[in-house]
Amino acid sequence: MTPHPYTRYVAMGDSQTEGIGDGDEATGYRGWADRLAELLAEAQPDLTYANLAVRGKVTAQIKAEQLAPALALKPDLVTVVAGMNDLLRPSFDAEQVMADIEEIFARLTESGAQVVTVTYPDMGKLSPLARRALPRVLDLNIRLRAAAERHDVAVLDVFPHPVTTDPRLWSQDRIHAGPLGHARIASGMAHTLGLPGHEDWSAPLPPLAPVPTLRALSADTLWAVGFLGPWLWRRLRGRSSGDGRTAKRPELTPWTDQSTKPHS
């Protein structure tokens with residue numbers, strides 16, 4: 001396999017980068033960043049990897065809590081995925097969110113690291129919670145692409161690809177990718193970085209059989225009770241799923257083909 005130049009990979013972000021949806025609390029979460037590290041290690045055995053992402057974090061927290069530790073690790077590759085937790089809040093401020101993301105981009109690229117980010121799909125096709133958020137998604141994606149171009153940040157642009165809203169790529173909460181989705185994101189990131197063999201990351205899955213209306217309504221009801229309700233309850237109490245949690249992999253260590261165990 002053709003080697004690549006990266007030996008110090010740091011992942012920054014929220015629950016998607018932590019790996020929620022790809023594993024569980026008992027066995028640990030894998031996620032697309034772990035999967036990407038594994039792909040990178042196949043071509044570069046000297047790869048070391050840190051994952052600073054923590055679920056529930058908004059962009060301002062990612063900048064405040066993860067940027068300095070990331071820079072201290074002196075990475076040559078950083079993935080930055082931020083903004084979705086902001087986007088779903090009534091107080092969403094696109095200009096402030098992008099100011100924070102752009103500062104992250106600038107600081108990391110000035111350090112010499114290759115930075116990669118990702119746009120957001122139309123989550124409204126999956127989750128009733130996000131159906132009204134499409135204008136925000138479109139606007140945030142435009143801003144992300146522009147900021148990335150200004151700072152020479154590579155972009156995995158998922159929005160144009162229909163497969164990215166195929167429900168089979170998503171977990172039961174309809175917010176986090178499932179194992180197949182995390183695998184596709186990792187493959188897309190690898191393709192964006194120029195690794196060969198990942199050109200089909202966005203290939204469509206076989207067609208789905210139509211879902212009867214009653215079954216769809218039942219699924220929506222179960223989703224509202226099991227996921228939407230607890231999410232709203234946390235918002236009302238000013239709580240976050242990331243409260244009290246720390247990064248699962250705070251230091252650069254050699255990649256091993258093992259899921260990361262639960263952390264405090």
Side-chain angles (χ1 to χ4, degrees), residues 11 13-24 29-39 53 55 79-85 87-88 116-142 144-145 154-193 195-228 231 259:
D14 52 31
S15 54
Q16 294 286 13
T17 303
E18 184 184 340
I20 305 302
D22 188 12
D24 55 41
Y29 294 101
R30 190 178 183 192
W32 68 263
D34 285 19
R35 291 171 180 269
L36 176 60
E38 182 178 0
L39 294 174
R55 68 192 74 176
T79 53
V80 177
V81 180
M84 180 56 73
N85 286 321
L87 190 147
L88 293 176
V116 189
T117 193
V118 63
T119 61
Y120 290 99
D122 181 3
M123 296 297 295
K125 293 181 178 179
L126 298 161
S127 168
L129 176 65
R131 283 175 186 162
R132 295 183 180 180
L134 179 57
R136 292 181 175 186
V137 170
L138 294 171
D139 179 59
L140 185 60
N141 282 345
I142 289 170
L144 273 170
R145 295 183 192 105
V155 180
L156 170 60
D157 194 358
V158 304
F159 188 89
H161 301 284
V163 73
T164 60
T165 54
D166 188 310
R168 289 168 288 185
L169 268 62
W170 296 87
S171 63
Q172 290 184 340
D173 68 11
R174 307 183 188 181
I175 296 174
H176 298 99
L180 179 57
H182 279 284
R184 288 294 188 106
I185 297 169
S187 184
M189 286 288 195
H191 177 67
T192 301
L193 287 168
L195 273 65
H198 296 278
E199 296 78 11
D200 63 348
W201 74 270
S202 60
L205 298 176
L208 275 171
V211 179
T213 302
L214 287 177
R215 185 184 301 172
L217 289 172
S218 176
D220 284 346
T221 300
L222 290 172
W223 172 82
V225 171
F227 299 103
L228 178 59
W231 185 87
S259 296

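Note that this is a predicted model, so its numbers are computed, not measured.
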Revision key, fill the gap. Smallest heavy-atom separation, Ala190 atom then Leu39 atom, equals CB-CD1, 4.0 Å
Review point. To the nearest 0.5 Å, what is the distance between NE2 (His191) and CG (Asp200)?
Key: 9.5 Å
Study note, to complete from the structure: For Tyr120 and Phe159 the tightest heavy-atom approach is O-CD1, 3.1 Å
Review point. Just wondering, do Ile185 and Val118 contact through their side chains at under 4.5 Å, heavy atoms?
Key: no
Exercise for review: Look only at the side chain of Ser171 and the backbone of His176, and say whether a donor-acceptor pair between them is shorter than 3.5 Å.
Suggested key: yes
Check your understanding: Short question: side chain of Thr117, backbone of Val155 - any donor-acceptor pair under 3.5 Å?
Key -> no
Check your understanding: Out of curiosity, Arg136 CZ to Asn141 CG, how far, rounded to the nearest 0.5 Å?
Key -> 14.0 Å
Check your understanding: Arg55 and Tyr29: side chain to side chain contact (heavy atoms under 4.5 Å, CB included), yes or no, with the steps?
Key -> CA-CA 11 Å; Arg55 68 192 74 176; Tyr29 294 101; 3.5 Å; yes
Review point. Can Leu36 and Thr79 be said to form a side chain to side chain contact (heavy atoms under 4.5 Å, CB included), step by step?
Key: CA-CA 10 Å; Leu36 176 60; Thr79 53; 4.1 Å; yes
Practice item. Write down the atom of Pro121, the atom of Trp170, and the distance for their closest heavy-atom approach. Key: CG-CZ2, 4.1 Å
**Study point:** Smallest separation among heavy atoms of Leu205 and Leu180, with atom names
**Key:** CD1-CD2, 3.9 Å
Review point. Hey, is the main chain of Ile175 close enough, under 3.5 Å, to the side chain of Gln16 for a donor-acceptor pair?
Key: yes
**Study point:** Minimal non-hydrogen separation, His182 against Gly31, with atom names
**Key:** ND1-CA, 3.5 Å
Check your understanding: When rounded to the nearest 0.5 angstrom, what is the spacing between CH2 in Trp32 and CG in Asp22?
Key -> 12.5 Å
**Study point:** Distance in Å, Thr119 OG1 paired with Leu138 CG, rounded so as to fall on 0.5 Å steps
**Key:** 10.5 Å
Practice item. May I ask you to decide if Ala203's main-chain N or O and Arg184's side chain share a donor-acceptor pair within less than 3.5 Å? Key: yes
Exercise for review: Could you tell me whether the side chain of Ser187 and the main chain of Ala183 form a donor-acceptor pair under 3.5 Å?
Suggested key: no
Exercise for review: Return the minimal non-hydrogen interatomic distance between Pro162 and Pro160, and the atom names on each side.
Suggested key: CD-O, 3.4 Å
Check your understanding: Can any side-chain N or O of Thr164 pair as donor or acceptor with the backbone N or O of Val158 at less than 3.5 Å?
Key -> yes
